[in-house]
Peer 1: 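Just dropping this structure here.
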Amino acid sequence: MAELTFGEKLLVARKQLDLFQYEMAERLGVHPNSLTKYERGEGKPHAAVVRMFELLCEQEGIRFDNFEKGSAAAGEERNKGAAMKVVLAEKVSPATLAVFAAEPGWEVKTHDQLPEGLPAALADADALVVRSAVQVGDELMAHAPKLRVIGRAGVGVDNIDAEAATRRGIVVMNTPGANAVAVAELVLSLMVALARKVMVANSTMHAGKWEKKSLQGTELRGKTLGILGLGRVGMEVARRARAFGMEIAGTDPFVSAAVARENGISLVSVEELFAKADYLTLHVGLTPQTQGIINAKALATMKKGVRIVNCARGELVVEADLAAALKSGHVAGAALDVFNVEPPKDSPFFGLDNVILTPHIGGSTAEAQEAVGVQIARQVREYLKLGVVQNAINLPSLSHEEYLKLAPYIDLAGRLGAFLAQAGKGGIPPQQAKSGFAGGPGLESIALVYGGALADVKTELVRNAALAGLLAGFENVNRINAAAVAAERGIRVHEETEESHRGGAASVLTIVLHTAQGESRASATVIHGEQPRLLAFDGIDVEAPLEGALVVCRSLDVPGVIGRIGTILGQQGVNIANFALGRERTGEKPARALSVVQVDEPVSEQALESLKVIDALVEARLAKLPNGK
């Protein structure tokens with residue numbers, strides 16, 4: 001019986017051990033690309049690699065006695081190890097199809113090759129690719145017992161039940177940023193159209209009128225462009241606006257000063273941005289903090305004659321307020337590609353000749369549509385072949401048992417990150433909570449310190465949960481993409497471990513933020529297996545629950561402060577659920593004190609403002625965290 005080649009043995013062993021290529025490569029100490037070549041019969045492995053493989057087979061009891069070189073059995077293992085079924089439920093470009101078609105042995109079903117319907121086609125499918133039309137709910141997933149990944153060719157995943165996919169162990173991926181150039185180009189074209197009154201000129205010419213004198217416009221050169229949100233699209237807009245000779249100001253608390261300087265952007269607060277912009281373009285995600293950020297109050301702070309472009313989310317704008325400002329002339333013009341309700345009905349913008357309306361075409365270019373298709377095809381391919389996860393919105397990188405043990409600390413990290421984002425130096429003060437943007441140049445670096453038992457476990461999800469808690473108020477960030485978002489924004493993330501010295505706490509997580517306003521640090525743990533507890537904040541030991549609404553008061557340690565806080569909150573109709581106290585131990589008089597007051601919602605701005613009458617009070621902030629289990 002002829003002996004199997006090394007590549008054939010690899011395929012047999014990998015299938016029996018149920019390993020991805022990258023996992024087998026790690027076991028053997030080689031690059032995944034080398035493993036691919038070996039399995040294809042290309043290249044000769046080093047003797048050390050062969051020996052490592054032999055030792056692995058001995059340890060795992062892998063035998064090849066029943067396989068013959070070139071036999072049907074060996075071929076079957078080759079096909080089992082490589083063959084995948086991919087269902088493309090919606091129309092895709094030829095380039096997208098070609099990514100999958102290039103893989104030997106893969107079965108690819110397009111939207112027009114499903115005679116028995118999508119559920120039947122998914123019965124033995126490994127991957128499903130959709131755009132926005134197909135609804136992928138739990139009922140559909142129930143027909144796909146082998147499904148490992150759902151790819152969304154686009155950004156929004158509203159048509160996919162990500163929670164159900166997570167429960168079923170299915171990765172959900174999307175393609176953020178693939179259409180950034182298309183959206184940025186539309187923004188610039190709309191700005192030019194507003195400046196030169198292109199739409200009015202076009203309509204009057206079609207009406208047979210020659211109104212040259214009334215159509216004098218302005219130049220973009222020398223004007224200030226304000227960019228609200230400096231993610232992928234915002235940065236692409238900035239790069240193109242520089243070519244027009246515009247001055248660029250931007251607001252984003254999670255873009256470092258260095259990244260802003262490299263792109264010629266002056267970082268300012270949201271209030272400064274509104275006050276100085278000649279043109280304002282919106283590029284933030286929809287969150288509770290950003291919904292309705294362009295409202296009557298914000299518009300009143302802007303220059304008379306400002307022009308506003310929105311190609312992000314319609315809900316960022318209070319449409320009635322913007323329409324009123326356009327009619328009064330305070331806002332000279334607006335260009336809107338997105339709306340509160342799509343398609344819009346009885347819109348307040350209908351009939352206004354200083355408004356350009358387009359039907360959500362920001363990403364609708366041939367190039368962008370092909371780019372998102374090719375990108376998702378490559379992501380799905382890499383996951384199926386190598387287990388590499390890109391732009392996933394759900395997958396934890398732990399075994400089920402590991403995840404159950406670590407889950408309370410993942411939850412703790414998200415809560416502690418959110419607490420620091422709202423209560424720490426450089427966080428969001430209450431008066432800016434509606435805008436969701438802190439003043440100043442933003443966050444520079446984050447350090448995470450894992451103490452006790454946390455030092456000995458996989459901490460990627462703990463880290464990402466902390467980052468997601470810190471960043472979640474400003475854009476759509478989750479535990480999978482948080483680290484990538486931080487890196488993209490130029491935020492340095494440092495991790496270290498230490499022995500825990502905090503009483504009986506077996507595992508302690510400490511997060512340290514470095515901002516232009518100074519350093520903030522907080523430590524926390526989990527008690528009784530599921531209850532998150534704050535242990536220290538900015539050098540003061542205090543034990544408080546990390547859940548619900550927390551009023552965080554910094555004060556001088558003098559008589560009467562505690563009583564006055566309770567009295568004033570009571571007068572404002574705020575019920576106190578828990579009152580935690582701490583003070584520094586420096587020996588200086590008066591010492592700094594900290595009160596973390598858990599209250600029943602709602603807590604009004606007026607209630608927080610009323611605390612300022614306390615002379616010894618330095619600061620009061622509200623941190624809103626998820627309620628307890």
Peer 1: Supply the atom-to-atom distance H283 NE2 to I227 CD1, rounded to the nearest 0.5 angstrom.
Peer 2: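 Output value for this atom pair is 6.5 Å.
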Peer 1: Mark yes or no for whether Q598, through its side chain, and E547, through its backbone, hold a donor-acceptor pair below 3.5 Å.
Peer 2: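 Checking the backbone N and O of E547 against the side chain of Q598, a donor-acceptor pair under 3.5 Å is found.
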Peer 1: Once you round to the nearest 0.5 Å, how far does CD1 of I150 lie from CD1 of I376?
Peer 2: 10.5 Å
Peer 1: Test of understanding: with salt bridge (Lys or Arg N to Asp or Glu O under 4.0 Å), list the residues that count as partners of E315, not counting sequence neighbours.
Peer 2: R313
Peer 1: S610 side chain to A607 main-chain N or O, any donor-acceptor pair under 3.5 Å?
Peer 2: yes
Peer 1: R492: which residues meet the side chain to side chain contact (heavy atoms under 4.5 Å, CB included) condition with it, sequence neighbours left out?
Peer 2: S445
Peer 1: Quick test of your reading of the model: are E609 and K612 salt-bridged, counting only N-O distances below 4.0 Å?
Peer 2: yes
Peer 1: Going from OG1 on T525 to CG on L454, what distance comes out if it is rounded to the nearest 0.5 angstrom?
Peer 2: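 Separation between the atoms: 7.5 Å.
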Peer 1: Please enumerate all residues that pass side chain to side chain contact (heavy atoms under 4.5 Å, CB included) together with L273, with sequence neighbours excluded.
Peer 2: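 If we apply the side chain to side chain contact (heavy atoms under 4.5 Å, CB included) test to L273, skipping adjacent residues, the hits are L228, A249, T251, V268, L280.
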Peer 1: Identify, with sequence neighbours excluded, every residue that meets side chain to side chain contact (heavy atoms under 4.5 Å, CB included) alongside A142.
Peer 2: R168
Peer 1: Can you name the residues that form a ring pair (Phe, Tyr, Trp, His ring centres under 6.0 Å) with Y450, not counting sequence neighbours?
Peer 2: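 Listed in chain order: nothing, the list is empty.
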Peer 1: For E519, which residues count as a salt bridge (Lys or Arg N to Asp or Glu O under 4.0 Å) partner, sequence neighbours excluded?
Peer 2: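 Expected list: R521.
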Peer 1: Evaluate side chain to side chain contact (heavy atoms under 4.5 Å, CB included) for R592 paired with V618, printing each intermediate quantity in order.
Peer 2: CA-CA 9 Å; R592 292 184 306 133; V618 177; over 6 Å; no
Peer 1: According to the salt bridge (Lys or Arg N to Asp or Glu O under 4.0 Å) rule, which pairs have a member within residues 568-577, sequence neighbours left out?
Peer 2: none
Peer 1: With sequence neighbours excluded, tell me which residues meet salt bridge (Lys or Arg N to Asp or Glu O under 4.0 Å) with R554.
Peer 2: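 Per chain and number, R554 pairs via salt bridge (Lys or Arg N to Asp or Glu O under 4.0 Å) with D538, E619.
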Peer 1: Test salt bridge (Lys or Arg N to Asp or Glu O under 4.0 Å) on R463 and E460; report intermediate values, then the result.
Peer 2: CA-CA 5 Å; R463 175 202 64 201; E460 291 87 352; over 6 Å; no
Peer 1: What pairs with E139 under salt bridge (Lys or Arg N to Asp or Glu O under 4.0 Å), at least two apart in sequence or on another chain?
Peer 2: none
Peer 1: Does the side chain to side chain contact (heavy atoms under 4.5 Å, CB included) test come out yes or no for L470 and I491, once each step is laid out?
Peer 2: CA-CA 12 Å; L470 284 162; I491 302 170; over 6 Å; no
Peer 1: List for me each residue that meets ring pair (Phe, Tyr, Trp, His ring centres under 6.0 Å) alongside Y409, sequence neighbours excluded, and say none if there are none.
Peer 2: none
Peer 1: Using side chain to side chain contact (heavy atoms under 4.5 Å, CB included), reason through R585 and D541 one step at a time and then give a plain yes or no.
Peer 2: CA-CA 9 Å; R585 303 176 181 179; D541 290 341; 3.8 Å; yes
Peer 1: Backbone N or O of L546 within a donor-acceptor pair of the R415 side chain at under 3.5 Å?
Peer 2: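 Pair found, side chain donor or acceptor close to backbone of L546.
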Peer 1: List the atom of A371, the atom of A178, and the distance in Å for their closest heavy-atom pair.
Peer 2: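 Scanning both residues completely, I find the closest heavy atoms to be CB-O, 3.9 Å.
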Peer 1: Looking at E543, I'd like to know if its CD atom is crowded, meaning that more than 12 non-hydrogen atoms belonging to other residues, nucleotides or ligands lie closer than 6.0 Å.
Peer 2: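 Counting neighbours around CD of E543, 12 or fewer heavy atoms of other residues, nucleotides or ligands fall under 6.0 Å, so no.
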Peer 1: Minimum heavy-atom separation for L467 to A486, with atom names?
Peer 2: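 Taking L467 first and A486 second, the nearest heavy atoms are CD1-CB, 4.4 Å.
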Peer 1: Could you work out, with side chain to side chain donor-acceptor pair (under 3.5 Å) as the rule, every residue matching E262, not counting sequence neighbours?
Peer 2: none
Peer 1: Do N391 side-chain atoms and T175 backbone N/O form a donor-acceptor pair below 3.5 Å?
Peer 2: no
Peer 1: Tell me the closest heavy-atom pair linking T301 and A298, and the distance in Å.
Peer 2: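 Nearest heavy atoms, T301 then A298: OG1-O, 2.6 Å.
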Peer 1: If you count heavy atoms of other groups shown closer than 6.0 angstrom to CD of E342, is the number above 12?
Peer 2: yes
Peer 1: Assess whether atom CZ of R239 is packed by more than 12 heavy atoms of other residues, nucleotides or ligands within 6.0 Å.
Peer 2: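 For R239, atom CZ is crowded (more than 12 foreign heavy atoms under 6.0 Å).
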Peer 1: Listed by chain and number, what are the side chain to side chain contact (heavy atoms under 4.5 Å, CB included) partners of R131, not counting sequence neighbours?
Peer 2: E90, R152, A153, Q369, V372
Peer 1: One pair to check against side chain to side chain contact (heavy atoms under 4.5 Å, CB included): Q422 and V552. What are the steps and the verdict?
Peer 2: CA-CA 10 Å; Q422 299 171 75; V552 183; over 6 Å; no
Peer 1: Please check this pair: side chain of D252 against backbone of G229, looking for a donor-acceptor N/O pair closer than 3.5 Å.
Peer 2: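 Not at all, since once roles are kept as given, no pair shorter than 3.5 Å links the two residues.
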